[in-house]
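Here's the structure, in structure tokens; my notes come after.
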Amino acid sequence: MKIVTYNVNGIGARLPRLLEYLEEQAPDVCCLQELKADDEKFPAAAIEGVGYGAVWHGQKSWNGVAILAKGRQPEERRRGLAGDPDDTHSRYIEATVGDVLVGCLYLPNGNPQPGPKFDYKLAWMERLIVHAAGLLATELPAVLCGDYNVIPTLSHDDTFSVRAMAQDALMQPESRAAFRRLLFQGWTDALRVRHPAGPLYTFWDYQAGAWQRDAGFRIDHHLLSPAAADRLIDAGVDKVYRGREKASDHAPTWVVLRDA
DNA sequence: ATGGCATGTCATACATGA
């Protein structure tokens, strides 16, 4: 079972690229972030046209997440995280596909920091940590994937430049510490387990020729519960899609799990 | 230290992104 996370940076502008990806790679599950469209604008018919069922949680202009499943309808379990009834951002949706629980998340960017946006990011991470603990307690095979907006380590393996990102919310000590606390609950960082050393990026900025000079960083992650990690076969980044016309600034990132 | 670019909208400028 191939499970992808893909921040599309606007489902409207990216639909041809997404449909092309689904047809070429045919992942079993495809988690989307940054739809930048409300529920009515989600292109469910076009996605169904290439053979995918979907659940989605949209929002006008910003945010928005969806889970697509090949040849079947994902069974939605929840949308949004508990812990803040005033939070209106569409950043989390969760469904089961077959015997696997899939959580699709778009973690707040947090820039500029310090400031209210960074505070919101850290608070959102606390809510995610609480929810993730509950998922582990079920002992189900679970995959928590998405755009975490966290560079996990101060290493060239995770960013083109530690120095350039030093003041960025994505790489602050508080952001990395919260991500580590999540991991230490018992989650496996699938991409890094499969590729223990060497640069591995999932995002390249549109600006300043970042793609051309490979100035990227790793912020899209698959966290696997123990039952899912036992079934991990491979993980990778479909980097070629970042180089195509009208590409998102994120590349699709994937894991393959053995069938139960 | 700055700027570079892309997307979407209450569009011909601004907010947001990372």
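So that the names make sense, note that chain A is the first sequence line, chain B the second, and so on, each numbered from 1. It should be emphasised that the depicted structure is a prediction, and the values quoted were computed from it without experimental measurement.
The CH2 atom of A:Trp211 sits 17 Å away from the P atom of B:dA18 (whole-angstrom rounding). We find that OH of A:Tyr201 is positioned 15 Å from C1' of B:dA18, with the value rounded to whole Å. In this structure, A:Phe160 atom CZ and B:dA18 atom P are separated by 15 Å, rounded to whole Å. If you measure from atom CG of A:Asp249 to atom P of B:dT16, you get 17 Å, rounded to the nearest angstrom. Atom CG in A:Asn109 sits roughly 5 Å away from atom P in B:dA18 (whole-Å rounding). Distance, A:Glu245 CD to B:dC5 P: 16 Å, rounded to whole Å.
For A:Tyr106 and B:dA18, the shortest distance from a side-chain N or O to OP1 or OP2 is below 4.0 Å. Under 4.0 angstrom from either OP1 or OP2 of B:dA18 there lies at least one side-chain N or O belonging to A:His250.
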The dot-bracket string of DNA chain B, counting Watson-Crick and G-U wobble pairs with both distances under 3.5 Å, using [ ] for crossing pairs and | for pairs to another strand, is ....(((((...))))).
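Nucleotides B:dA11 and B:dA6 place their C1' atoms 16 Å apart, quoted to the nearest Å. Remark: the separation of the P atoms in B:dT16 and B:dA1 is 25 Å, to the nearest Å. B:dT2 and B:dT7 have their C1' atoms separated by 23 Å, given to the nearest Å.
In summary, A:Asp189 and A:Arg180 do not engage in a salt bridge, as defined by a charged side-chain N under 4.0 Å from a carboxylate O.
Through side-chain heavy atoms spaced under 4.5 Å, either directly or across other Ile, Leu, Val, Met, Phe, Trp or Tyr residues, A:Leu191 is tied to A:Leu200, A:Val237. Under a 4.5 Å side-chain heavy-atom criterion applied to ILVMFWY residues, the cluster that includes A:Tyr206 comprises that residue alone.
Proximity of residues 146-155 of chain A to DNA chain B (heavy atom under 4.0 angstrom from any strand atom) is restricted to A:Asp147, A:Asn149.
Between A:Arg213 and A:Asn7, the residue whose closest nucleotide on DNA chain B is further toward the 5' end is A:Arg213. Position along DNA chain B of the nearest nucleotide to A:Leu170 versus A:Gln207 favours A:Gln207 as the more 5'-ward residue.
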For nucleotides 6-15 of chain B, 5' to 3', base contacts (B), sugar-phosphate-only contacts (S) and non-contacts (-) with protein non-hydrogen atoms under 4.0 Å give SBSSS-----
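For the side chain to side chain contact (heavy atoms under 4.5 Å, CB included) test, residues two or more places apart in sequence or in another chain that qualify with A:Asp214 are A:Tyr201, A:Trp204, A:Lys239. Under the side-chain hydrogen bond (donor to acceptor under 3.5 Å, both in side chains) criterion, A:Thr159 pairs with no residue at all, not counting sequence neighbours. Every residue two or more places apart in sequence or in another chain that forms a side chain to side chain contact (heavy atoms under 4.5 Å, CB included) with A:Ile233 is listed here: A:Val256, A:Arg258. Evaluation of the side chain to side chain contact (heavy atoms under 4.5 Å, CB included) rule for A:Asp205 yields A:Phe203, A:Gln207, A:Ala210 as partners, not counting sequence neighbours. Scored by the side chain to side chain contact (heavy atoms under 4.5 Å, CB included) test, A:Val100 finds A:Met1, A:Ile3, A:Val102, A:Val143, A:Arg231 as partners (sequence neighbours excluded).
Interface remark: the A:Asp168 side chain does not form any donor-acceptor pair with the B:dA18 base, using a distance-only criterion of under 3.5 Å.
Residues in residues 160-171 of chain A take part in these side-chain hydrogen bond (donor to acceptor under 3.5 Å, both in side chains) pairs, two or more places apart or across chains: A:Asn111-A:Asp168.
Taking the six-membered ring where the residue is Trp, A:Phe217 and A:Phe160 present parallel rings, their angle staying beneath 30° rather than reaching 60°.
Side chains of A:Tyr241 and A:Glu20: no donor on one and acceptor on the other come within 3.5 Å.
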Ignoring hydrogens and angles, write down the donor-acceptor pairs under 3.5 Å from the side chains of residues 46-57 of chain A, residues two or more places apart or on other chains.
from    : atom 1 : to      : atom 2 : distance (Å)
A:Tyr52 : OH     : A:Pro27 : O      : 2.6
A:Trp56 : NE1    : A:Asp39 : O      : 3.3
A:His57 : NE2    : A:Ser90 : OG     : 3.4

